[in-house]
Each structure stands twice: as structure tokens, then as C-alpha cells.
Protein chains: 2
Amino acid sequence: MTIPAHTTPSPIASNVTSLAEHRLLHEEVIDHLRDLIVTGELLPEAKLNERVLAERLGTSRTPLREAIKFLASEGLVELVPNRGAVVAPLKPEKMREVFVVLGALEALAGEQACRNASEADIADIRALHYHMLAHHARGELAQYFRYNQLIHQSILDCAGNATLVQTWRGLNAHVKRARYMANLSRERWDKAVKEHEDMLDALTRRDGTKLQALLRDHLANKLALVMEALGSGAVAEGAR
Amino acid sequence: MTIPAHTTPSPIASNVTSLAEHRLLHEEVIDHLRDLIVTGELLPEAKLNERVLAERLGTSRTPLREAIKFLASEGLVELVPNRGAVVAPLKPEKMREVFVVLGALEALAGEQACRNASEADIADIRALHYHMLAHHARGELAQYFRYNQLIHQSILDCAGNATLVQTWRGLNAHVKRARYMANLSRERWDKAVKEHEDMLDALTRRDGTKLQALLRDHLANKLALVMEALGSGAVAEGAR
DNA sequence: AATGTGCATTTTGCATACAAAAATGGGTTG
DNA sequence: CAACCCATTTTTGTATGCAAAATGCACATT
């Protein structure tokens with residue numbers, strides 16, 4: 001029933017920190033609502049009843065509606081005129097699209113990262129990598145995901161392109177959402193880890209072309225994984 | 001004082017048509033406000049006074065605030081806690097970032113378009129191309145831009161990836177905004193047209209690799225153009 | 001039984017009201 | 001003359017009110 005911490009306190013790369021003081025309500029609501037959607041607590045196609053949701057989030061309808069508009073622009077919710085909003089459906093076709101675009105973005109990021117990353121940046125990523133390996137070895141899926149995400153995000157950060165990061169983040173939310181629904185076979189999991197090894201290797205050697213290709217493949221494999229899950233009707237098994 | 005029609009009635013590629021009936025107020029406001037920002041009628045860093053803007057757009061503050069949140073997610077406005085929103089500044093660094101990402105997206109689109117486009121699609125793009133040439137010959141800049149945008153959008157559409165289109169659209173708004181501020185030398189203009197010739201050629205031959213490279217170069221040149229304009233202090237000369 | 005039809009309820013969309021925070025400005029003091 | 005302080009005004013952030021649209025449901029009709 002508790003909500004996983006997904007606000008990514010990101011050990012490295014804290015670019016958009018700032019607001020220390022008491023955050024604004026509608027901003028809180030944006031993050032809270034996004035979290036509910038990404039973690040699958042609000043299932044795809046679920047209707048967002050304003051009165052009910054506002055009460056659940058402890059606000060009035062106004063900040064909630066503003067948050068919904070924000071998330072609509074991110075693509076996580078869909079606005080239906082005069083009928084409010086629904087959680088964006090999780091269609092296989094949409095997933096395919098998102099992964100294709102993410103592939104291009106991560107490939108770009110990988111290339112740039114090989115150019116721009118400092119040795120310290122790479123060391124940080126290596127550290128994250130070993131954390132991830134540890135969690136993989138212990139079969140701790142949630143923590144594995146966490147570090148996996150942090151690694152990808154760090155590579156993005158190293159590209160030195162905040163716009164790229166922001167764009168990626170928006171699309172990645174969809175992936176995270178699918179992740180929560182897909183079960184990971186040990187076989188696929190091992191494969192993914194192996195791919196990460198290769199990626200770290202390419203980054204260390206600053207072989208941008210190689211890293212680009214690896215990231216594309218990695219994303220393609222993730223897609224295949226998600227498609228399996230979606231195809232097998234495991235779509236609606238997200239929460240609770 | 002009148003506002004240029006920027007809602008792109010798009011001769012070809014009308015994918016997201018639907019709502020025939022009376023659109024919702026906050027949606028109107030989103031488009032109207034985006035237009036004001038993209039055309040430079042609202043200059044970068046301009047403060048968005050809710051009371052004034054609401055009056056100007058003929059609504060109350062509620063739909064306006066919802067629109068602002070939506071556009072904030074697109075990156076066209078920035079939210080400052082307890083101090084409202086401002087039109088996103090138009091920094092050279094941001095432009096560089098946007099063009100790099102757009103380059104990757106358009107390259108991806110070009111590659112996919114060479115695979116997926118029907119002959120009819122290509123014929124349509126060719127038609128747009130000739131329209132553009134005509135306007136170029138007559139020195140009609142605004143109409144040239146219009147068809148230029150339509151061509152790029154059509155290539156995107158041909159990629160058959162709605163998410164790609166949506167992502168591109170959001171970033172492209174920033175470019176459009178810069179466009180309205182940059183003056184185009186005849187020399188650069190001719191060069192851009194020549195590049196479009198090559199692009200059409202590659203698309204016709206379905207040479208995805210070539211088109212990809214051309215699009216990347218084309219975007220890089222556009223960036224150089226915008227940077228000139230921004231660098232020469234012509235930033236604040238948008239409107240009025 | 002299936003399909004309309006009209007009324008009651010719910011829900012959305014927009015406007016307004018109110019409270020808290022920030023800007024403004026004028027006067028005082030060092 | 002500049003810097004600071006405090007009261008006033010303005011502006012933002014949130015909650016609430018109200019009208020229009022949608023939904024649900026009982027009942028009538030074929």
C-alpha cells in the first residue's frame with residue numbers, strides 16, 4: 001500500500017535541485033499523481049474522478065486539475081472533453097513507439113557521454129553498476145531497477161544536454177510504468193546485466209559508436225520484454 | 001495586432017483531427033497562449049500576469065492556469081513558485097540542446113520514412129516541396145516557412161510513430177519561436193533550399209542513411225542560423 | 001426481451017472568493 | 001543620499017460555488 005520512492009534523489013547528477021522550502025501544492029500533486037500512474041496504482045484507462053482523487057491526495061480539485069493538465073502534456077493521462085481524464089492506456093503499439101524514440105535518445109546520449117563524461121563521472125557510473133550487480137546477485141528486483149534507472153539516467157546526464165534529459169525523462173515514465181507490470185525472467189535478467197557490462201566497457205573505452213549500438217540493442221531487448229508481458233495479458237496485473 | 005494563423009491546417013497528414021464540436025476553453029487557451037509565445041508576441045522572460053492574460057484571452061484565471069501548467073510541461077513557460085510563470089528564456093545553450101535532440105529525432109524519422117512512406121506520401125511531400133520552391137522564388141518568407149514546416153512534419157508523419165511526432169512537435173515549438181526572431185540572409189536561405197532538394201532526392205531513392213545524414217546537417221545549419229541571430233543581440237526583437 | 005425516453009444524480013468545466021505570499025512605495029534613520 | 005523597515009497593494013495559490021454536460025436508471029414502447 002505504501003508508495004515506492006520514485007522521486008530519484010539521484011546520488012550523482014543533481015542538476016535541477018533548488019526549491020528547498022515548502023513545495024507548492026500542485027507540484028506535490030503532479031509528482032504524487034505521476035507516481036500513482038507509474039507504479040500502476042492507478043491502472044491504465046482508469047478514470048480520474050476529480051472529487052475522489054482530490055480527496056485521496058488531500059487537496060481541492062483546482063491543484064489536481066492543474067496537475068492533470070501537466071501530466072496530459074507528458075502523455076501519462078489523456079484528456080477527454082467533458083469527460084475528464086483517464087490514465088493513458090498502455091498499448092503495445094505505443095510501447096513500440098516509445099522504445100524506438102528512447103533508443104534514438106539514449107544512443108545520442110551514449111555517443112555524447114563518451115565525449116563529455118569526466119573520469120569521475122564514469123567512476124560514479126561504475127559504482128552504480130556494481131551496486132546493481134550486487135542487487136542482481138541477491139535477486140533484489142526493486143533495488144536492481146533503481147540502480148538500473150540511475151545508470152541510464154547518469155549516462156543521459158553525462159551527455160550534458162538538459163533538454164535531452166527532460167525529453168528522455170518524459171518518455172521513460174511510460175517505460176517505468178510498463179516495467180511495473182512485466183515480470184522479469186531470470187534468463188532475461190541475466191542478459192540485461194550482461195548488456196550493462198558491455199555498455200560500461202564501451203563507455204570506459206569511450207567508444208561512442210559501440211555504446212550507441214549497445215544502447216539501441218539494450219532498448220530493443222527491453223521492448224521485447226515489455227511486449228511479452230503486454231501480449232500475455234499481464235497488462236492489468238499492476239497493483240494491489 | 002492580429003495573430004498569425006499557426007494552427008497548421010496541414011493539407012496532408014491530418015492525423016489528430018476529431019473534435020468537430022465546440023472545443024473546450026482551456027484547450028483553446030493552450031493553443032492561443034502557445035501561439036503568442038511561439039510568434040514572439042509574448043517575449044522570452046516575459047512575466048505571465050494571470051489577471052491581465054486572462055482578460056486578454058477572454059477567460060477567467062482557472063483555464064489560463066491550466067493552460068500554463070500544460071505549456072510548462074512542454075517547456076515553453078517556466079513556473080516560479082509563488083511568483084507565477086514566465087515565458088521560457090531563449091538561451092543559446094538551450095537552442096543548441098534542442099537542435100541536437102531534434103537532429104536525432106529527425107534523423108530517426110528520415111530513416112523510418114524511407115522504409116515506410118508510400119509513393120503517394122512521397123508525391124505529397126514533393127508537391128509541398130514545389131510549393132516551397134515557389135514561395136522561395138517569390139521571396140515570400142512566411143509562406144516559405146509554412147511549407148518548410150509542413151515538409152518536415154510530413155517526413156515525421158511518414159515514420160509512422162505518433163510518439164515521435166509528438167515529441168518532435170514539443171521541441172519544434174522552441175525552434176519556431178527562434179525562427180520568428182532570426183532574420184534569414186538570402187545566402188543561407190538558398191542553401192537551406194538546396195538542402196531540401198537533396199533531402200527530397202534521398203527520400204525518393206529511399207536512401208535512409210543518406211537522408212539521415214542530410215537531416216542532421218540541415219538541422220545543424222538551422223542551429224548556426226539561430227545562433228547568429230541570438231548572438232547578435234537580435235533576441236529581443238521579436239514582436240510589435 | 002430489447003430498445004428508447006425522460007428525469008435525477010453525478011461530474012466536469014469555468015468563474016469567483018478568499019488567504020497567503022510577494023511586490024510596491026513612502027517615510028524614517030543612519 | 002542610501003539603506004532599511006513597515007504598511008499597503010498586487011498577485012499568486014487554493015478552495016468553493018454554480019451551470020452545463022454526461023451518466024445512470026426507472027419506466028414506457030415496440
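Basis for what follows: all heavy atoms, side chains included, without hydrogens, waters or symmetry-related copies. Numbers restart at 1 for each chain; the letters A, B, ... are given by sequence-line order, proteins then strands.
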S.K.: In this structure, how many angstroms lie between the P atom of C:dC14 and the CG atom of B:Leu57, rounded?
M.R.: 13 Å

S.K.: Between B:Arg65 and D:dG13, is there a contact of a side-chain N or O with OP1 or OP2 at under 4.0 Å?
M.R.: yes

S.K.: Between side-chain atoms of residues 87-98 of chain A and protein atoms elsewhere (two or more places apart, or another chain), which donor-acceptor pairs fall under 3.5 Å?
M.R.:
from    : atom 1 : to       : atom 2 : distance (Å)
A:Glu93 : OE1    : A:Arg96  : NE     : 3.3
A:Glu93 : OE2    : A:Arg96  : NH2    : 2.9
A:Lys94 : NZ     : B:Thr163 : OG1    : 3.2
A:Glu97 : OE1    : B:Ala162 : N      : 3.4
A:Glu97 : OE1    : B:Thr163 : N      : 2.9
A:Glu97 : OE1    : B:Thr163 : OG1    : 2.6
A:Glu97 : OE2    : B:Ala162 : N      : 3.3

S.K.: May I ask you to verify if any side-chain N or O of B:His26 is less than 4.0 angstrom from the OP1 or OP2 atom of C:dC14?
M.R.: yes

S.K.: Reckon A:Asn82 has a side-chain N or O less than 4.0 Å from the OP1 or OP2 of C:dT12?
M.R.: no

S.K.: How close or far is atom P of D:dA22 from atom CD of A:Glu50, stated in whole angstroms?
M.R.: 15 Å

S.K.: Using the side-chain contact (heavy atoms from CB on, under 4.5 Å) criterion, which residues pair with B:Leu57? Sequence neighbours excluded.
M.R.: B:Val29, B:His32, B:Leu36, B:Leu53, B:Leu64

S.K.: Is it true that A:Lys69 and B:Glu27 make a salt bridge, defined as a side-chain N closer than 4.0 Å to a carboxylate O?
M.R.: no

S.K.: Between atom CD1 in B:Ile68 and atom P in D:dT11, what is the gap in whole Å?
M.R.: 14 Å

S.K.: In whole angstroms, how far is the P atom of C:dT16 from the CZ atom of A:Arg61?
M.R.: 16 Å

S.K.: Is B:Glu74 paired with B:Arg34 through a side-chain N to carboxylate O contact shorter than 4.0 Å?
M.R.: yes

S.K.: Can you work out whether B:Asn49 or A:Thr59 has the more 5'-proximal nearest nucleotide on DNA chain D?
M.R.: B:Asn49

S.K.: Could you check how far CD of A:Glu28 sits from C1' of D:dT14, rounded to whole Å?
M.R.: 14 Å

S.K.: Once you apply a heavy-atom cut-off of 4.0 Å, does B:Leu79 come out as touching a base, just sugar-phosphate, or nothing?
M.R.: nothing

S.K.: Given the structure, check if the side chain of B:Thr62 and the base of C:dT16 hold any donor-acceptor pair shorter than 3.5 Å.
M.R.: yes

S.K.: Calculate the interatomic distance between A:Lys69 atom NZ and D:dT14 atom C1'; express it in whole Å.
M.R.: 16 Å

S.K.: Answer with base, sugar-phosphate or nothing: what part of the nucleic acid does A:Lys47 contact at a heavy-atom distance below 4.0 Å?
M.R.: sugar-phosphate

S.K.: Taking atom types as they are modelled, would you say the side chain of B:Arg83 forms a donor-acceptor pair with the base of D:dG13 within the 3.5 Å cutoff?
M.R.: no

S.K.: Looking for any heavy atom pair under 4.0 Å, which part of the strands does B:Leu48 touch: base, sugar-phosphate only, or nothing?
M.R.: sugar-phosphate

S.K.: Strictly below 4.0 Å: does B:Arg51 bring a side-chain N or O up to OP1 or OP2 of D:dT12?
M.R.: no

S.K.: So which of B:Arg179, B:Gln149, B:His152 actually passes side chain to side chain donor-acceptor pair (under 3.5 Å) with B:Asn172?
M.R.: B:Gln149

S.K.: Expressed in angstrom and rounded to an integer, what is the separation of A:Ile30 atom CD1 from D:dG13 atom C1'?
M.R.: 13 Å

S.K.: I want to check one thing: is the phosphate of C:dA15, taken as OP1 and OP2, less than 4.0 Å away from some side-chain N or O of B:Ser60?
M.R.: yes

S.K.: Atom CD of A:Glu55 and atom C1' of C:dT10: how far apart are they, to the nearest Å?
M.R.: 15 Å

